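So that the names make sense, note that chain A is the first sequence line, chain B the second, and so on, each numbered from 1. In this text, all values refer to a predicted model and were calculated from it rather than measured experimentally.
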Amino acid sequence: MPWDEALVNSLVYDKPDPGEGRVSTYVSAVREALTLALEHDPRVFVLGQGVDDPSAMFGTTRGLQQQFGSQRVFDIPLSEEGMMGVSAGAAMNGMRPVYMHNRPDFILLAFNQLVTHAAKFHFMDNGTTDVPMVVWAAIGRGWGSGAQHSQAIHGMLLGVPGLKIVMPSTPYDAKGLLLSAIIDNNPVCVFEHRWLMKKDGVVPEGLYRVPIGKGVYRRRGKDVTIVGASHAIELGAQAASLLASEGIEAEVIDLRTVKPLDEAIVLESLKKTGRLVVVDTAWMKGGLCAEIGCLAAEKGFADLKAPVCRVGLPDVPTPAGYTLEQFYYPDAARIAAAARGIVRV
Amino acid sequence: MTIRYPYTGEGARGFDRFAQSHSGAKLLGLYRSMLRIRRIEEEIERRYHQDQMKTPIHLVIGQEATSVGCCAALGETDLLYSSHRTHGNYLAKGGDLKAMLCEMHCRINGCAGSRGGSMHLIDKRVGMAGTSAIVGGAVPIAAGAALAAQMKGEDHVVVVFLGDSTTEEGVASESLNFAALKQLPLVFFCENNFYSVQSPLATRQPARDLRTWAASYAIPAVRVDGVNVLAVLEETQTAVARARSGGGPTFIEAPVYRFRAHGGAGDDSRTGYRDVAEREAWERVDPLTLFSGFLMAGGMLDERATAVMEEALAAEIADAFELALASPIPVEADLYRHVYAD
């Protein structure tokens with residue numbers, strides 16, 4: 001049982017309307033994507049530390065080894081770089097590995113193989129090698145996760161050509177994006193967020209895909225654009241509700257993929273609202289916030305009515321204690337305050 | 001005069017016990033392959049200062065027997081992964097010389113389209129599957145390739161070339177562990193040339209037998225005379241047969257000497273990191289002269305046949321350089337191709 005289970009269980013989310021379709025938990029949606037991929041494609045296999053243990057990677061891999069056998073779903077040695085290379089090598093030779101990590105922090109041990117090998121081979125081999133692999137991890141938060149178990153590392157990877165990065169915010173997207181990632185012919189990082197895992201949503205049965213590289217409007221508004229991905233969308237939506245009660249209409253864009261970035265949807269919204277709040281689960285410096293801020297300055301400058309506002313983590317490592325953490329993570333109130341600040345400009 | 005790493009093999013006597021198992025034509029073919037690599041390397045070296053090859057080079061002069069002996073034990077569908085010192089591996093595996101030289105001249109028809117360079121020679125048609133210019137980088141990739149072969153029930157094996165310094169990389173240990181755990185069809189071929197760039201083995205590792213490193217993962221580990229092409233062939237055949245029959249990985253250590261600097265043209269022993277006398281001692285067991293001496297003594301090769309061979313190789317190499325220099329250079333649009341697969 002993961003140590004933060006009680007915390008994640010205590011989070012309260014809006015319940016979906018069962019009238020709209022089958023309701024599923026986030027974890028079930030991920031498991032369903034893995035199950036479908038394993039069923040439909042003999043090249044797919046799932047590996048990772050503890051994917052066959054009782055905790056089953058937060059439940060996302062529960063029962064898969066029983067169903068598909070230990071050849072296709074297996075536990076691995078504690079060798080992050082080695083197994084990243086093994087995954088890349090298998091992918092380069094006709095397989096489709098899904099390499100699962102408890103936390104993105106562990107992927108940092110494997111940057112050499114991810115960044116310098118998996119992401120480069122298609123280019124270095126002049127297009128003769130494909131590296132269709134998925135690297136999955138769940139960003140942690142709270143309950144003492146601290147500096148080494150809650151890092152969101154997508155910002156560090158944005159500048160790596162050859163990689164794709166998806167960050168779902170709903171059970172529907174978790175399933176659809178994972179299925180797209182597995183069928184993609186490139187290395188794709190799928191970063192989930194631990195706090196989304198008990199969120200319910202409408203999830204159709206069977207195969208469907210959410211396109212990589214396409215953002216989506218979660219809420220329409222005319223006064224300010226709130227853009228982000230993953231858990232930031234939950235916070236952004238809450239902030240938009242707060243703002244609505246004050247008469248400010250916020251538009252919320254869920255990027256769903258942070259690399260390649262859907263620039264068009266951000267610029268389209270900016271053209272309408274003229275104001276941009278970028279929200280991220282990671283550090284503001286040098287990451288997604290900075291990249292979108294730069295996008296607005298480069299390609300949307302004429303539309304800007306106020307400075308771009310970043311809401312993310314300060315340039316400080318994550319503290320372990322809830323006592324310090326309360327000052328660390330952005331929440332809906334801070335996002336709303338940021339939006340208010342630029343709407344009044 | 002210090003010879004820190006002396007040659008400890010049997011010299012030409014070492015050929016006797018293997019020669020009977022091969023035809024004369026096979027033996028000549030092996031010699032020709034080694035001679036071909038040597039002459040290509042020498043021509044690259046001779047032209048390097050003309051600056052038409054704007055690429056790093058890591059010459060294999062002195063290390064031809066390992067590439068040729070190992071690859072002679074492989075079929076075209078067997079895969080070879082390698083490091084930055086790729087020339088010998090690529091040529092011995094059957095890679096296209098013209099495409100190699102086009103790559104080294106940064107031409108669009110290079111084996112990697114001018115985006116790999118000399119450290120990244122590939123020719124997938126003949127199983128020259130990939131390389132890494134990061135020491136140890138190709139080792140887990142090769143393990144993954146072997147895992148794929150095992151999962152798909154294919155009967156090809158995978159060989160990965162590594163150097164003595166690779167045994168210091170954590171990822172190499174991780175790969176041994178996984179290969180042994182899964183009994184992968186994989187051969188770890190370690191060319192121990194005693195130096196990583198200019199750092200001798202003794203400053204990098206405690207005094208140990210490199211075989212013990214692999215053996216600690218319950219992997220059969222053998223040492224073979226790296227200047228003896230027949231001994232290398234024999235040991236690789238044994239390892240490949242084990243891998244192909246489901247017997248798992250093997251580690252082969254082949255002590256060998258690089259007669260040139262880590263990178264670039266010429267030898268840099270005079271800078272003082274190794275004694276020139278050490279190189280000269282190894283040159284007395286040059287894998288080519290050792291083998292040609294054996295073939296000549298056995299009446300399988302003579303000066304006339306050597307001259308014919310040399311003439312044909314010189315013409316082939318001159319043609320390939322000519323083609324490379326006349327080949328088109330990439331255009332800007334080529335830069336943006338193959339960042340992502342469709």
Chain B contact via [X] - side chain, backbone, both or neither, heavy atoms under 4.5 Å:
{"X": "A:Thr116", "result": "side chain"}
{"X": "A:Glu81", "result": "both"}
{"X": "A:His117", "result": "side chain"}
{"X": "A:Asn112", "result": "side chain"}

For chain A, which of [options] has the most heavy-atom pairs under 4.5 Å?
{"options": "B:Ser132, B:Gly116, B:Ser173, B:Gly137", "value": "B:Gly137"}
{"options": "B:Ala129, B:Ala112, B:Gly117, B:Cys111", "value": "B:Ala112"}
{"options": "B:Ala148, B:Ser175, B:Ser114", "value": "B:Ala148"}
{"options": "B:Gly144, B:Ala172, B:Ala142", "value": "B:Gly144"}

Practice prompt. For residues A:Thr129 and B:Lys124, determine if any side-chain heavy atom of one lies less than 4.5 Å from a side-chain heavy atom of the other.
Written response: yes
### Query
Taking C-beta and beyond as the side chain, do A:Met124 and B:Arg115 meet within less than 4.5 Å on heavy atoms?
no
As an exercise: rank [options] by heavy-atom pairs under 4.5 Å with chain B and give me the winner.
{"options": "A:Val86, A:Asn185, A:Asp125", "value": "A:Val86"}
{"options": "A:Met83, A:Lys120, A:Lys164, A:Met92", "value": "A:Met83"}
{"options": "A:Ala110, A:Ala88, A:Pro77, A:Ala118", "value": "A:Pro77"}

For the residue pair [X] and [Y], what are the closest heavy atoms and their distance?
{"X": "B:Pro140", "Y": "A:Gly82", "result": "CB-O, 3.4 Å"}
{"X": "B:Glu174", "Y": "A:Glu80", "result": "OE1-N, 4.1 Å"}
{"X": "A:Asn93", "Y": "B:Ala145", "result": "ND2-CB, 3.2 Å"}

Turns out that what part of B:Asp342 lies under 4.5 Å from chain A's heavy atoms comes down to backbone
Applying a strict 4.5 Å limit to non-hydrogen atoms, the region of B:Leu181 in contact with chain A is side chain
Examine B:His338 together with A:Phe121 and report whether their ring centres are nearer than 6.0 Å.
no
task: In sequence, state the C-alpha distance, the side-chain angles, and the governing distance for B:Leu147 and A:Met95, and then conclude on side chain to side chain contact (heavy atoms under 4.5 Å, CB included).
output: CA-CA 9 Å; B:Leu147 178 68; A:Met95 302 301 288; over 6 Å; no
Rounded to the nearest 0.5 Å, the OH atom of B:Tyr340 sits from the NE2 atom of A:His122 at a distance of 11.0 Å
Q. Checking A:Asn186 side chain against B:Ala341 main chain: does a donor-acceptor pair fall under 3.5 Å?
A. yes
